[in-house]
Amino acid sequence: KMAKKITVGVDGSEIAHMAYQCAAYLRKPEDKIDVFHISTPGKDYLPYDLQPDYIKENYDNLLISSVPEDRRTVTIVEKKTGQSTKGAVCEYINNADEKTDFLVVGCAGRKGPKTDPTILGSTTDYSLRAAHCSCIIVKKKMEKFAEAEERSKAKFMACVDGSDNSHKAYTEACRIAFDTDELIILHIYSAEEAEVNDDGITKADEITKKYTDLGRGTVKIVEKMGGTSISKQILQVATDEEVDFVVVGADGMGAYLNG
């Protein structure tokens, strides 16, 4: 199996530590894990547990007992003058000598989650769009995985619509999931897609055959509900299925800048 590099950003907050727990949970024995912290020079007034030296020591100690030395790093990155935290994060990820496969970050920073649960923290949102790797956004607590003596089974849901981006979501879910984890492949179809093509099959039929033939995961076909967005319906299915990780394709920074 090909080893991956999982990079996780921490800032001393509870949400960032959840991201670390998630990264540790998803790391397979052959994978490398890189924990990094973006520090701002001159912030000596911060509490001790938010100081860069403490953060580095804390994660060094957490990793030393579970990850071989050649597969773990803890890095403190100082921001350049005038540089934003989100800019420093993406510079660190995109310019690294060894490419990151998965960037794991919390849904918000030290200020905590936004009042609107659909809004990510600015650094998380920017990283999702500008980092040259797949991103894992951690929203819920990972104690059920992190504190277990043995790794418990997780449930992934990859959302597909026939596009290349959505297929990448499926392949990334296969890469990060363990063989023992459960994988659902969700396709939500509209009324137009229920029409048959010249071969007498629908788009949903094509998707079902494609992913069934690939042999990893269970295909779930759901009709789009009127008056409900695709994103809300995905979340409803994820809730009903008690999914731990939802995997979707993203258009990236280009689409973001184009509105």
Side-chain angles (χ1 to χ4, degrees), residues 6 8 14-15 18-26 102-108 112-121 124-125 127-129 133-148 151-191 193 203-204 207-208 210-212 214-252 255:
I6 300 175
V8 54
E14 181 185 6
I15 295 176
M18 290 180 207
Y20 165 77
Q21 289 176 310
C22 178
Y25 170 78
L26 293 171
F102 293 92
L103 169 63
V104 186
V105 291
C107 64
K114 306 297 181 184
T115 303
D116 184 342
T118 66
I119 298 177
L120 298 173
T124 301
D125 186 64
S127 301
L128 177 64
R129 303 175 192 283
C133 63
S134 294
C135 297
I136 299 171
I137 311 299
V138 177
K139 296 189 71 175
K140 74 174 189 178
K141 294 189 176 183
M142 301 300 296
E143 278 85 346
K144 73 171 187 176
F145 301 126
E147 296 180 355
R151 186 188 187 279
S152 56
K153 184 171 76 170
K155 196 170 188 178
F156 290 77
M157 186 172 78
C159 305
V160 300
D161 60 8
S163 67
D164 290 341
N165 270 348
S166 73
H167 183 68
K168 179 71 180 298
Y170 165 80
T171 59
E172 291 295 80
C174 292
R175 287 181 72 206
I176 199 71
F178 282 57
D179 292 340
T180 53
D181 291 336
E182 185 176 349
L183 173 61
I184 295 172
I185 302 137
L186 173 69
H187 174 62
I188 297 175
Y189 71 93
S190 61
E193 293 177 6
K203 182 178 179 180
I207 286 175
T208 299
K210 174 180 179 178
Y211 289 100
T212 300
L214 287 172
R216 177 70 169 101
T218 302
V219 180
K220 184 178 182 69
I221 305 295
V222 177
E223 184 177 1
K224 185 180 184 307
M225 296 168 56
T228 302
S229 67
I230 292 286
S231 58
K232 286 185 178 179
Q233 197 165 350
I234 287 172
L235 292 177
Q236 186 58 57
V237 175
T239 301
D240 293 343
E241 294 285 344
E242 298 183 331
V243 166
D244 299 302
F245 297 93
V246 177
V247 190
V248 296
D251 291 327

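All figures in this text were calculated on a predicted structure; none of them were measured in a lab. Along the sequence shown, residues carry numbers from 1.
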Between [atom1] on residue [X] and [atom2] on residue [Y], distance to nearest 0.5 Å:
X	Y	atom1	atom2	result
Phe178	Tyr25	CZ	OH	7.5 Å
Ser166	Ile207	OG	CD1	7.0 Å
His187	Lys210	NE2	NZ	11.5 Å

Scan the side chains in residues 221-230 for donor-acceptor partners under 3.5 Å anywhere in the protein, sequence neighbours excluded, and list what turns up.
residue : atom : partner : partner atom : Å
Lys224  : NZ   : Thr228  : O            : 2.7
Ser229  : OG   : Ser231  : OG           : 3.1
Ser229  : OG   : Lys232  : N            : 3.2

With sequence neighbours excluded, give me every salt bridge (charged side-chain N to carboxylate O under 4.0 Å, His left out) pair touching residues 164-176.
Asp101-Arg175, Glu172-Arg175
Checking Ala23 now: which residues fulfil side chain to side chain contact (heavy atoms under 4.5 Å, CB included) with it, not counting sequence neighbours?
Ile6, Val8, Ile33, Val104
Applying side chain to side chain contact (heavy atoms under 4.5 Å, CB included), can you list everything that pairs with Val248, at least two apart in sequence or on another chain?
Cys159, Val246
For the student: nearest non-hydrogen atoms of Ala19 and Gly106, plus distance:
CB-N, 3.6 Å
List the residues meeting side-chain hydrogen bond (donor to acceptor under 3.5 Å, both in side chains) with Glu182, not counting sequence neighbours, and say none if there are none.
none
Considering residues at least two apart in sequence or located in another chain, which fulfil the side-chain hydrogen bond (donor to acceptor under 3.5 Å, both in side chains) criterion with Thr218?
none
Considering residues at least two apart in sequence or located in another chain, which fulfil the salt bridge (Lys or Arg N to Asp or Glu O under 4.0 Å) criterion with Asp161?
none
Taking only residues two or more places apart in sequence, or in another chain, which ones meet Glu241 in a salt bridge (Lys or Arg N to Asp or Glu O under 4.0 Å)?
Lys155, Lys220
Presence of salt bridge, Lys153 and Asp244, under 4.0 angstrom
no
Should Ile176 and Phe102 be marked as a side chain to side chain contact (heavy atoms under 4.5 Å, CB included) after you check the CA-CA gap, both sets of side-chain angles, and the distance that decides it?
CA-CA 9 Å; Ile176 199 71; Phe102 293 92; 3.8 Å; yes
From CA spacing to verdict: side chain to side chain contact (heavy atoms under 4.5 Å, CB included), Met157, Phe245
CA-CA 6 Å; Met157 186 172 78; Phe245 297 93; over 6 Å; no
Test item: Cys174 and Leu183 side chains (from C-beta on) under 4.5 Å apart, heavy atoms:
yes
Within the 4.5 Å heavy-atom criterion, are Val247 and Phe156 side-chain neighbours or not?
yes
Could you walk me through whether Leu26 and Ile136 satisfy the side chain to side chain contact (heavy atoms under 4.5 Å, CB included) test, starting with their C-alpha distance in whole Å, then the side-chain angles of each, then the deciding distance to 0.1 Å, before giving a yes or no?
CA-CA 10 Å; Leu26 293 171; Ile136 299 171; 3.6 Å; yes
Applying side chain to side chain contact (heavy atoms under 4.5 Å, CB included) to Val138 and Ile15, what does each step give before you reach the verdict?
CA-CA 8 Å; Val138 177; Ile15 295 176; over 6 Å; no
The criterion is ring-ring contact (aromatic ring centres under 6.0 Å, His included); which residues satisfy it with His167, sequence neighbours excluded?
Tyr170, Tyr211
